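Not measured: the values here are computed from a predicted model. Letters go in sequence order (proteins before strands), and every chain restarts at 1.
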Number of protein chains: 2
Amino acid sequence: MAAKRSGAESKQSRRTVASPRPGQEPRGEAPLSLERIVASAVELLDAEGLDGLKMRQLADRLGAGAMSLYWHVGNKEAVFDLALDAVLEYRRSPEIVAPQDWRGEIIHMLEDWRAGMLRHPWSASLLPRRALGPNILSRLELLGKTLSKAGVADADLNVAIWSLWNYVIGATITRANFELSDDDRAAAQQRLTDLSQHYPTIERSRLLLDNDWDGAFRKGLDFLLDGLAPRE
Amino acid sequence: MAAKRSGAESKQSRRTVASPRPGQEPRGEAPLSLERIVASAVELLDAEGLDGLKMRQLADRLGAGAMSLYWHVGNKEAVFDLALDAVLEYRRSPEIVAPQDWRGEIIHMLEDWRAGMLRHPWSASLLPRRALGPNILSRLELLGKTLSKAGVADADLNVAIWSLWNYVIGATITRANFELSDDDRAAAQQRLTDLSQHYPTIERSRLLLDNDWDGAFRKGLDFLLDGLAPRE
DNA sequence: ACCTGAACACCGTTCAAGT
DNA sequence: ACCTGAACACCGTTCAAGT
């Protein structure tokens, strides 16, 4: 397995935004730009999934010739990196700045992170495979700072951050890929019932049929936080 | 995103193992069989990664004509499903059957699960995307039974199972994809130092340079288990 | 500086045909 | 029952060429 590269570099070192006719976009098609490419890529990924992003289709959607993208991005991997980072931006709602409630703040951050990824179900699967972009680093920085402020010892800080990372990543990837149709759900239930002699515990607990993903995420997160920094 | 199918069905309903010349394999190439295909697929995936599995190459490695596989498997997705399940088998070491130590037993199960997936780094990324095969269901059943025996309330059982699942999946996917070369590592360190004004906390804690993956996994797991079922 | 089509080297899968 | 090669419909990317 090759070591991952960032891949986000483009042939141009800086984006010159000076438009030829300021304040007036040409009718019909705007010129190609990194911003437009990334926005379109996110739309396409939302609609078609990770395997559904094709360079030709992306160019088509932008009204550009099939191969024009390669002047801007260099690579399909670069498109993935840019789309992923675009989706991970954190807009901290300034009204909910909980003052001393570090636990509530952490829960808010992680629920926001998960919700953002679920709005783009391809993103969670992609995140661990790619180099960490600026937006995810910002989230980790804020998470670490909050944990530290909350009194987590420096010696435990990395473990605490990675534990929460693991939990959020695992939960979100699982949930994003578990979008069963009603037929699938019925079939799974039937199959599990057929096999209840082999798997009595998870059949009895209805593990695969429980549909309260948000509640389970929140409860498990509470358990983990209890272990990381017990409430007094 | 399409609902996932099992895809593991083949055109033949049962494998007839009756060999024409019993006890004597023909010289040169053994005949094609599901077992040989799966074993070769695992080898190929180990060597080349998820993107490196090509149907033609797999057939080649088996000494078969390029398209012979399709009589046995029907699909490339079926190959993935079979290879994944093959890798998830749990051989419980009968000597280490800890009697009353449910916590040790759970830790052993989950560390074994993680270690098995890290031996096949493509497997962790694949697992949440596919339907759950018999071997992973067995692991979940055993996990649930052990937690239940340990006194976890029925109302909390699903949350406990999914929390541990999330943690193991997230940790293993992250670790399997974080195989940096020394050059990459040096570059990452340099980049983080350059940006230390933006990410002071994670720079100070050396979050991305900490190399003790096994220790961090174990410590975080301890925290989570503390939250799930506090030691008395 | 920015865009383009033709062309190359691949893929997974189908199918008619072999034994 | 089991295997095969030719062929189809795609892909990502390169490149020489346009403006």
Side-chain angles (χ1 to χ4, degrees), chain A residues 2 5 7-21 25-26 28-37 40-41 44-45 48-83, chain B residues 2 5 7-21 25-26 28-38 40-41 44-45 48-83 126:
Chain A
R5 296 133 285 151
E9 322 299 339
S10 135
K11 278 163 199 142
Q12 53 188 343
S13 56
R14 198 176 311 204
R15 202 87 269 284
T16 318
V17 204
S19 106
R21 283 172 291 161
E25 291 287 20
E29 293 298 347
L32 234 39
S33 72
L34 257 193
E35 290 77 19
R36 287 192 65 224
I37 292 175
S40 254
L44 205 46
L45 283 163
E48 313 276 357
L50 268 185
D51 297 331
L53 179 69
K54 322 279 171 70
M55 293 300 271
R56 293 170 212 254
Q57 193 184 350
L58 180 55
D60 227 52
R61 173 185 278 255
L62 289 161
M67 300 296 101
S68 310
L69 297 177
Y70 283 93
W71 192 87
H72 297 268
V73 285
N75 231 336
K76 187 178 179 180
E77 291 194 9
V79 178
F80 278 129
D81 283 333
L82 293 164
Chain B
R5 296 133 283 150
E9 323 299 341
S10 135
K11 278 164 199 140
Q12 52 189 343
S13 56
R14 198 175 312 204
R15 201 89 271 281
T16 318
V17 206
S19 105
R21 283 174 291 161
E25 291 287 19
E29 296 296 348
L32 233 38
S33 72
L34 257 194
E35 290 77 18
R36 286 191 65 225
I37 292 175
V38 173
S40 254
L44 205 46
L45 284 163
E48 313 277 356
L50 268 184
D51 297 331
L53 180 67
K54 323 278 171 71
M55 293 299 272
R56 293 171 211 253
Q57 193 184 351
L58 179 57
D60 227 53
R61 173 183 277 258
L62 288 160
M67 300 295 100
S68 311
L69 298 177
Y70 284 93
W71 192 87
H72 296 268
V73 286
N75 231 338
K76 186 177 181 181
E77 290 194 10
V79 178
F80 278 128
D81 283 333
L82 292 165
L126 199 54

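Within the 4.0 Å cut-off from OP1 or OP2 of dT13(C), at least one side-chain nitrogen or oxygen of N75(B) is found. Residue H72(B) places at least one side-chain N or O under 4.0 Å from the OP1 or OP2 atom of dC3(D).
Proximity of I37(B) to L82(B): side-chain heavy atoms (C-beta onward) are nowhere separated by under 4.5 Å.
Annotated stems with DNA chain D as a participant read C:4-8 with D:12-16, C:12-16 with D:4-8, given as range with range, by first number; only runs of 3 or more Watson-Crick or G-U pairs under 3.5 Å qualify.
To the nearest angstrom, P of dG12(C) lies 10 Å from CG of L69(B). Taking atom CG of D51(A) as the reference point, atom P of dC11(D) lies 11 Å away to the nearest angstrom. Distance M55(B) CE to dT4(D) C1': 15 Å, rounded to the nearest Å. Taking atom CH2 of residue W71(B) and atom C1' of nucleotide dA17(C), one finds them 17 Å apart after rounding to whole Å. Here dC11(C) presents its P atom at 11 Å from CG of D60(B), a figure rounded to the nearest Å. Distance Y70(A) OH to dA17(D) P: 21 Å, rounded to the nearest Å. Computed from coordinates, the L32(B) CG to dT19(C) P distance equals 19 Å when rounded to whole Å.
Taking only side-chain atoms of R56(B), from C-beta outward, the nucleotide of dT4(D), dG12(D), dC11(C) with the closest atom is dC11(C).
M67(A) comes within contact range of at least one nucleobase, with a heavy-atom separation under 4.0 Å. Counting non-hydrogen atoms under 4.0 angstrom, L53(B) reaches the backbone sugars and phosphates but no base.
Separating the C1' atom of dA17(D) from that of dC2(C) is a span of 13 Å, rounded to the nearest Å.
Between the CZ atom of R36(B) and the CG atom of L62(B) there is a distance of 5.0 Å, given to the nearest 0.5 Å.
For the residue pair A83(B) and A41(B), the shortest heavy atom distance occurs at CB-CB, 4.5 Å. Taking both residues in full, the closest heavy atoms of H72(A) and L32(A) are given as NE2-CB, 3.5 Å, listed atom of the first, atom of the second, then distance.
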Next on the checklist: D60(B) vs K54(B), test: side-chain contact (heavy atoms from CB on, under 4.5 Å). Steps then yes/no.
Outcome noted: CA-CA 10 Å; D60(B) 227 53; K54(B) 323 278 171 71; over 6 Å; no
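Nearest-nucleotide positions on DNA chain C for A64(A) and Q57(B) put A64(A) closer to the 5' end.
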